[in-house]
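Reviewing the structure listed below.
Chain letters run A, B, ... following the sequence lines, proteins first, then strands; residues in each count from 1. Small disclaimer: the values here were computed from a predicted structure and weren't measured.
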Amino acid sequence: MSQKKFYITTAIDYVNSIPHLGTAYEKIGADALARFMRMDGYQVHFQMGNDEHSVNVLKAAKEKGLEPKVYCDEMRGKFTEIWQKLFISYDDFIQTSEPRHHKASQKLFEVLKESGDVFKGDYEGWYCESCEAFYTEKDLVNGECPHHKSKPKWLKEKNYFFKLSKYQQPLLEYIQQHPEFILPEIRRNEVLGLLKQGLEDISISRAGFPWGIPVPNDPEHALYVWFDALINYLTAVGYGADEKKFQEWWPATIHIIGKDITRFHCVIWPAMLMAANLPLPKTVFGHGFVYLRGEKMSKTLGNVVTPLDVINSYSPDSLRYYLLRTSSFGADGNFTWEDFIKRYNADLANDLGNVLNRSLGMAKKYFEGKISKGEEKPEDKLLIEKAKETAAKVRKAMNYLNGDLDYHLALEAIWDLIGTTDKYIDSSAPWTLKKNNQEERLKQVLHNVFNSIRLIGMWIFPFMPDTSKKIYQQLQIPFPNHFSESENWDIMPDEHPLGEASPLFPRIEMNPGNS
RNA sequence: UGCGGGGUAGAGCAGUCUGGUAGCUCGCCGGGCUCAUAACCCGGAGGUCCUAGGUUCAAAUCCUAGCCCCGCUACCA
């Protein structure tokens, strides 16, 4: 029986600097979804990578005195090291300088050329090398690039063009007929507005650029960086190389991208696919940005907080939790050290960590760590019902077809279960049961508590995989492969020996903020 | 200029679509408990819901006008 496929991608990143918090946010968000779908029984291909054919990359390499390819391979190591530290469970990591990608890009170019949607024409204009972009007169500020405050060059060259204008109407119709194609809805409305303004044909190559994918049969020209970048989603699943694999995985189920590049993924990319007669990705999801104390983070501006700052000071999972808990994936979020520490202590140390710790403490003290079923009571229902409700809420929050990826609501629901478990402990008062020698009732209370913790530990897996595993270690239960194996209440075996308690998130007592 | 988001307790936010006693988290104050990471549980104080008009029996919520903040405006996720 073949499993249902789920092909998820993130945007590929420029390698002129190492990942900052915003880049990490995207990968963490995508990872949460990928993990959730795997646990929910899908066969997942989670694709990531680096975007290398850029002028800025070439410059960065030169500054270090390295060949671009050598530099890019070095950066790959730096990127993947961070992704692995953050437990990003990607299945494949592509570099656009790889031969497989050159072949796929060239193939797509040829297909488009044959279909007549790629043609040669004149292009001229003000060109900013930092932006790798042409600007019109009115875009310039005092004759300078609005982003880099540097004087652009007047360039004129023969380029290859893509007939984007031809796809204005088909795209409009497609987007209107497929509301799930662009999410959240606000991004969709933006793109629709854009399309109504009209589309112009766009240049897709550069003459004499040494660091790029050569245009087939015209090696003086290289493909323009974003043109080849988009094609990575095809390359990764075997386009032009492994037809069987390609048929299996394409189209992508969801592209996770930043809200600033919806133009490429929701207009140019689908137009390219239409031109090549390939199916379109099911969904393009434009997530929000992370702001640092309200100030936008940017590689160009240099006010960057790296994920390593947080990982090294605290833990990968605490960063994952913080970023996913604050708002929905579609909306913008904030990062401040003060807020991070607050959440860490309140949610991770006091709630999640403590509920496990106190429960293990009781199990050890009252039953030497071995728990069994005992005497049930009607008031147990409340906790059991809450656990069921949690599953439903998490599933609902993760279903992006509702319009957004509500990680914050999923986590809120799980934390509600943690709170209910704490209340259940307090109202059942195991210490009093012990004093009154109500052994059987005491057994059942702990049995229920650990069932609840077991489920909490499972539901947090997509968001905090490392913590999830640690909880299962302390419970001495093998981690399930799928939610369905362990979703039901009451599957703790009798006489189950629990493991040793160890704080998951030691409280942060100092104020080491340095933002 | 255009498009979009937002202005609700000290802080961060939900509620606005589908009007009907203003809610959550953190912080603060008081109490409880002792299994736990000075944790957890219970209770409390604290709000002109940006402003001015309007509709309505009733407006944070709908309508009109205005003020203020913040994004995006062709390639920074």
Side-chain angles (χ1 to χ4, degrees), chain A residues 10-14 16-17 19-27 29-30 51 54 56 128 130-136 139 146-147 186-187 189-190 193-194 197 199-200 202 224-227 229-230 256-265 267-268 286-291 294-302 304 325-327 331-332 334 336 338-339 341-343 345-366 408-409 412 415-416 418-419 421-427 429-432 434 446 449 501-509:
Chain A
T10 64
I12 54 177
D13 299 302
Y14 276 138
N16 46 330
S17 64
H20 58 108
L21 216 47
T23 323
Y25 181 54
E26 173 172 303
K27 313 311 170 194
D51 186 6
S54 132
N56 286 331
C128 172
S130 297
C131 299
E132 295 169 64
F134 278 97
Y135 285 105
T136 61
D139 290 328
H147 295 98
I186 170 157
R187 303 274 104 80
N189 291 337
E190 279 170 12
L194 202 89
Q197 284 170 34
L199 296 176
E200 286 173 23
I202 47 170
Y224 201 4
V225 56
W226 57 257
F227 182 79
L230 288 165
I256 303 284
I257 59 159
K259 64 178 185 179
D260 57 329
I261 52 174
T262 45
R263 188 180 299 270
F264 295 93
H265 286 78
V267 178
I268 300 175
H287 63 77
F289 285 150
V290 178
Y291 295 94
E295 198 180 339
K296 194 181 172 193
M297 277 186 282
S298 132
K299 290 175 192 173
T300 319
L301 292 175
V304 167
R325 177 63 202 253
T326 316
S327 54
D332 293 338
N334 272 292
T336 70
E338 193 191 350
D339 202 35
I341 290 167
K342 216 187 252 179
R343 280 251 177 234
N345 279 339
D347 298 356
L348 299 178
N350 297 351
D351 292 340
L352 177 60
N354 187 244
V355 79
L356 173 67
N357 208 242
R358 70 189 299 206
S359 305
L360 285 170
M362 286 186 282
K364 187 167 188 182
K365 187 160 179 179
Y366 303 145
H408 67 310
L409 294 184
E412 198 178 288
W415 255 253
D416 192 22
I418 294 173
T421 307
D422 268 329
K423 288 181 196 32
Y424 176 75
I425 293 172
D426 272 73
S427 60
W431 42 92
T432 306
K434 178 69 183 175
L446 289 187
V449 165
S502 161
L504 296 170
F505 297 95
R507 277 183 66 87
I508 303 170
E509 300 297 350

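- The same atom, P, is picked in B:rG4 and in B:rA77; the two are 26 Å apart, to the nearest Å.
- As a whole-Å value, the separation of A:W415 CH2 from B:rC26 P is 13 Å.
- Distance, A:I12 CD1 to B:rA77 P: 11 Å, rounded to whole Å.
- A:D351 comes within contact range of the sugar-phosphate backbone alone, with a heavy-atom separation under 4.0 Å but no base atom that close.
- Among the protein residues, A:K364 comes within range of no part of the nucleic acid, since none of its heavy atoms lies under 4.0 Å from any strand.
- Taking only side-chain atoms of A:R263, from C-beta outward, the nucleotide of B:rA77, B:rA74, B:rU34 with the closest atom is B:rA74.
- Under the Watson-Crick or G-U wobble criterion, with both distances below 3.5 Å, B:rC40 is paired with B:rG32.
- Across all strands shown, B:rA65 pairs with B:rU51; the Watson-Crick or G-U wobble distances both stay below 3.5 Å.
- Ranking B:rC26, B:rU25, B:rA77 by closeness to the A:E26 side chain, first place goes to B:rA77.
- Here the side chain of A:H20 is nearest to one of B:rC40, B:rC26, B:rA77, namely B:rA77.
- When heavy atoms are screened at a 4.0 angstrom cut-off, A:A11 is found touching no nucleic acid atom at all.
- The side chain of A:D422 lies closest to B:rC40, out of B:rU25, B:rC40, B:rA77.
- Place A:L348 and A:L194 on RNA chain B by their nearest nucleotides, and A:L348 ends up nearer the 5' end.
- Ring pair A:W226/A:F264 is tilted by interplanar angle, where 30° to 60° counts as tilted.
- The separation between A:F289 atom CZ and B:rC76 atom C1' is 7 Å, rounded to whole Å.
- Taking atom P on both B:rG43 and B:rU51, the two are 32 Å apart, rounded to the nearest angstrom.
- Looking at residues two or more places apart in sequence or on another chain, you find no side chain to side chain donor-acceptor pair (under 3.5 Å) involving A:D351.
- Counting distance only, with no hydrogens placed and no angle test, the side-chain atoms of A:W226 and the base atoms of B:rC75 include a donor-acceptor pair under 3.5 Å.
- Look at A:R325 and A:D339 and you find no salt bridge, because none of the NZ, NE, NH1 or NH2 atoms lies under 4.0 Å from a carboxylate O.
- Under 4.0 angstrom from either OP1 or OP2 of B:rC35 there lies at least one side-chain N or O belonging to A:K365.
- Rounded to a whole Å, the CG atom of A:D416 is 18 Å from the P atom of B:rA14.
- Nucleotides B:rC49 and B:rU8 are separated by 4 Å at their C1' atoms, to the nearest Å.
- At the heavy-atom level, A:N354 lies under 4.0 Å from base atoms of the strands shown.
- Relative to the side chain of A:D260, the nucleotides B:rC76, B:rC40, B:rC33 differ in distance, and B:rC76 lies closest.
- One interatomic measurement links the two molecules: CD1 of A:I202 to P of B:rA74, which rounds to 15 Å at whole-angstrom precision.
- When the P atom is used for both B:rC35 and B:rU21, the distance is 44 Å, rounded to whole Å.
- Residue A:Y366 places at least one side-chain N or O closer than 4.0 Å to OP1 or OP2 of B:rC35.
- Among the atoms of the strands shown, base atoms are found under 4.0 Å from some heavy atom of A:P506.
- Base pairing analysis places B:rA11 opposite B:rU25; the two distances defining the Watson-Crick or G-U wobble pair are each below 3.5 Å.
- A:D260 is listed as a side-chain neighbour of A:F289, based on a closest heavy-atom distance under 4.5 Å.
- Where A:L352 and A:I186 each meet RNA chain B at their nearest nucleotide, the meeting point lying more 5' is that of A:I186.
- In the set B:rA77, B:rC26, B:rG71, the nucleotide with an atom closest to the side chain of A:A346 is B:rC26.
- Atom pair A:R187:CZ and B:rG4:P shows a separation of 13 Å (rounding to whole Å applied).
- Here the shortest heavy-atom pairing between A:N354 and A:N350 reads CB-O, 2.9 Å.
- For A:E190, the listed nucleotide lying nearest its side chain is B:rG4; candidates were B:rU37, B:rG4, B:rU25.
- Not a single donor-acceptor contact under 3.5 angstrom links the side-chain atoms of A:Y14 to the base of B:rC75.
- In this structure, B:rG4 forms a base pair with B:rC70, meeting either the Watson-Crick or the G-U wobble geometry with both donor-acceptor distances under 3.5 Å.
- OP1 and OP2 of B:rC35 both lie 4.0 Å or more from every side-chain N or O belonging to A:N357.
- One can place OH of A:Y291 at 17 Å from P of B:rG12, the figure rounded to the nearest angstrom.
- When heavy atoms are screened at a 4.0 angstrom cut-off, A:G353 is found touching base atoms of the nucleic acid.
- Shown here for A:A11 and A:I257, the closest heavy-atom pair between the two residues is CB-CG2, 4.4 Å.
- Distance check on atom P: B:rG71 versus B:rC26 gives 30 Å, rounded to whole Å.
- Nearest heavy atoms, A:S359 versus A:V449: OG-CG1, 3.3 Å.
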